[in-house]
Amino acid sequence: MTTPRVFIVRHGETEWSLNGRHTGSTDIPLTANGEKRVRATGRALVGNDRLIVPGKLAHVYVSPRKRAQRTFELLGLGHSHSLPWAAHGDKPADQRACAADVEVTEDIREWDYGDYEGITTPEIRELRRQQGLNPGWDIWRDGCPGGESPSDITTRLDRLIKDIRDKYQAPCMAGAHPAGAAYMGDVLVVAHGHILRAFAQRWAGQSLERGPTFLLEAGGVGTLSYEHHSIHEPAILLGGAFTVDLAATKYPAY
């Protein structure tokens, strides 16, 4: 029995991600290079013999920001039903059939940077120095004035993680199959850099204040799963393998 996974995908490159400006509620598009790289990611990682197998996806969560929605479109997952947003551009010609529902949720939108929206970390630290605050700003510890705190982020991410486990992955590992369906428990989450790093931290049961020591590049893909096929042992999967149909594999005779 395959242990279900959660694939986390950060949106592709934008002008602000290129120059380090914090992008929360500001809705800016992917760059042309960002779109090109996400298309390449879809070709490399999405398919029946790839890391993300469309037929194994039970559900897809996408941020309400256009840059995340456009990233999902470019991965090449084709749906028989319409998406919950108007398309932001053309899609890859080689669509891979996927029957999983796509849900837009505020729980996976980017961190609300408040007063720090649109400025870089060095600019934030200089601003804090001028305000008489500790210039050694750390979002995982300090949060953002006028925006969200680590506690706020923890609350909404824990709600989403519970939703994923209760609805899709615990039933999968318990062998519960909806009538007439070959139920698989993989979940895809398409969102943003800080929120997905926080998501992985909370997935592993760690407090945000400890500060994640892992990174997720623009357009990058990460994998979360469980140890010992147990819903009570969530883990970060450091390296996921491509899918191989063992029944169809030809082995050489020795």
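Only a predicted model underlies this, so the values are computations on that prediction, with no experimental measurement involved.
Following chains of ILVMFWY side-chain contacts shorter than 4.5 Å, one can reach F199 starting from I139, so the two form part of one hydrophobic cluster. The hydrophobic cluster containing L57 also contains L74, counting ILVMFWY residues as joined when their side-chain heavy atoms lie under 4.5 angstrom apart, directly or transitively. In terms of hydrophobic clustering, with Ile, Leu, Val, Met, Phe, Trp and Tyr side chains grouped at heavy-atom distances under 4.5 Å, I8 and L188 are assigned to different clusters. Connection of L160 to I231 is established within a shared hydrophobic cluster, with ILVMFWY side chains joined at heavy-atom distances below 4.5 Å, either directly or through further cluster members. Under the 4.5 Å side-chain heavy-atom criterion for ILVMFWY residues, no single connected hydrophobic cluster contains both L238 and L215.
P84 places a side-chain heavy atom less than 4.5 Å from the side chain of V102. Taking 4.5 Å as the limit, every side-chain heavy atom of L224 sits out of range of all side-chain heavy atoms of V189. Contact annotation: the side chain of M184 never approaches that of Y168 to less than 4.5 Å [non-hydrogen atoms, C-beta and beyond]. Taking 4.5 Å as the limit, every side-chain heavy atom of L196 sits out of range of all side-chain heavy atoms of H192. Using a 4.5 Å heavy-atom threshold, the side chains of V46 and P54 count as touching. Side-chain contact check for L237 versus Y226: every heavy-atom pair is 4.5 Å or farther apart. Side-chain contact between D115 and C144 is absent, with no heavy atoms from C-beta onward closer than 4.5 Å. You'll find the side chain of T41 reaches within 4.5 Å of the side chain of V221, heavy atoms only.
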Are E117 and T26 close enough, and set up right, to give a side chain to side chain donor-acceptor pair (under 3.5 Å), and what steps lead you there? CA-CA 8 Å; E117 179 77 10; T26 306; 2.5 Å; yes
Trace of the side chain to side chain contact (heavy atoms under 4.5 Å, CB included) decision for F72 with L83: CA-CA 10 Å; F72 174 78; L83 294 174; 3.7 Å; yes
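Evaluation of the salt bridge (Lys or Arg N to Asp or Glu O under 4.0 Å) test over residues 96-108, restricted to residues two or more places apart or in two chains, returns D94-R96, E106-R109, D107-R159. Identified under the salt bridge (Lys or Arg N to Asp or Glu O under 4.0 Å) test for residues 126-138, with sequence neighbours left out: E126-R129. Applying the salt bridge (Lys or Arg N to Asp or Glu O under 4.0 Å) test to pairs two or more places apart or on separate chains, those with a residue in residues 16-28 are D27-R67. Applying the salt bridge (Lys or Arg N to Asp or Glu O under 4.0 Å) test to every pair with at least one member in residues 33-56, sequence neighbours left out, gives these pairs: E35-R70, R39-D90.
Listed for the E233 side chain is no donor-acceptor partner under 3.5 Å among the backbone atoms of S230. Side chain of E13 to main chain of N33: no donor-acceptor pair is present (N/O by atom type, distance under 3.5 Å, no hydrogens or angles). In this structure, Q169 contributes its side chain and G185 its backbone to a donor-acceptor pair below 3.5 Å. In this structure a side-chain-to-backbone donor-acceptor pair under 3.5 Å is present from S17 to T14. Remark: the backbone N or O of P92 is paired with a side-chain donor or acceptor of Q95 at under 3.5 angstrom. With hydrogens and angles ignored, the 3.5 Å screen pairs no side-chain donor or acceptor of W85 with any backbone N or O of R65. At distances below 3.5 Å, at least one donor-acceptor pair connects side-chain atoms of R10 with backbone N or O atoms of L216.
T154 meets the side-chain hydrogen bond (donor to acceptor under 3.5 Å, both in side chains) test with no other residue; sequence neighbours excluded. The salt bridge (Lys or Arg N to Asp or Glu O under 4.0 Å) check on D163 picks up K167, with sequence neighbours excluded. Under the ring-ring contact (aromatic ring centres under 6.0 Å, His included) criterion, W140 pairs with W111, H194, not counting sequence neighbours. Applying the side-chain hydrogen bond (donor to acceptor under 3.5 Å, both in side chains) criterion to H232, with sequence neighbours excluded, gives no partner residue. Checked against salt bridge (Lys or Arg N to Asp or Glu O under 4.0 Å), D152 has no partners two or more places apart in sequence or in another chain. Among residues two or more places apart in sequence or in another chain, the side-chain hydrogen bond (donor to acceptor under 3.5 Å, both in side chains) test is passed with D112 by none. Take Y61 and apply the ring-ring contact (aromatic ring centres under 6.0 Å, His included) test, not counting sequence neighbours, and it matches H59.
Under a cut-off of 6.0 angstrom, the local environment of CD in Q131 is crowded, with over 12 non-hydrogen atoms contributed by other residues, nucleotides or ligands.
In terms of heavy-atom proximity, D142 sits nearest to G136 at OD2-O, 4.0 Å.
How far CG of L127 is from CD of Q130: 6.0 Å, rounded to the nearest 0.5 Å. With values rounded to the nearest 0.5 angstrom, L45 atom CG is found 5.0 Å from F242 atom CZ. Taken from NZ in K66 to NE2 in H11, the straight-line distance is 14.5 Å, to the nearest 0.5 Å.
Just one of W137, W16, Y116 meets the ring pair (Phe, Tyr, Trp, His ring centres under 6.0 Å) condition when paired with H22; it is W137.
Q69 and S63 share no donor-acceptor pair across their side chains, judged by distance under 3.5 Å alone.
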Could you go through residues 204-212 and list every donor-acceptor pair under 3.5 Å that involves a side-chain atom there, pairing it with any protein atom two or more places apart or in another chain?
residue	atom	partner	partner atom	Å
Q206	OE1	R210	NH1	2.2

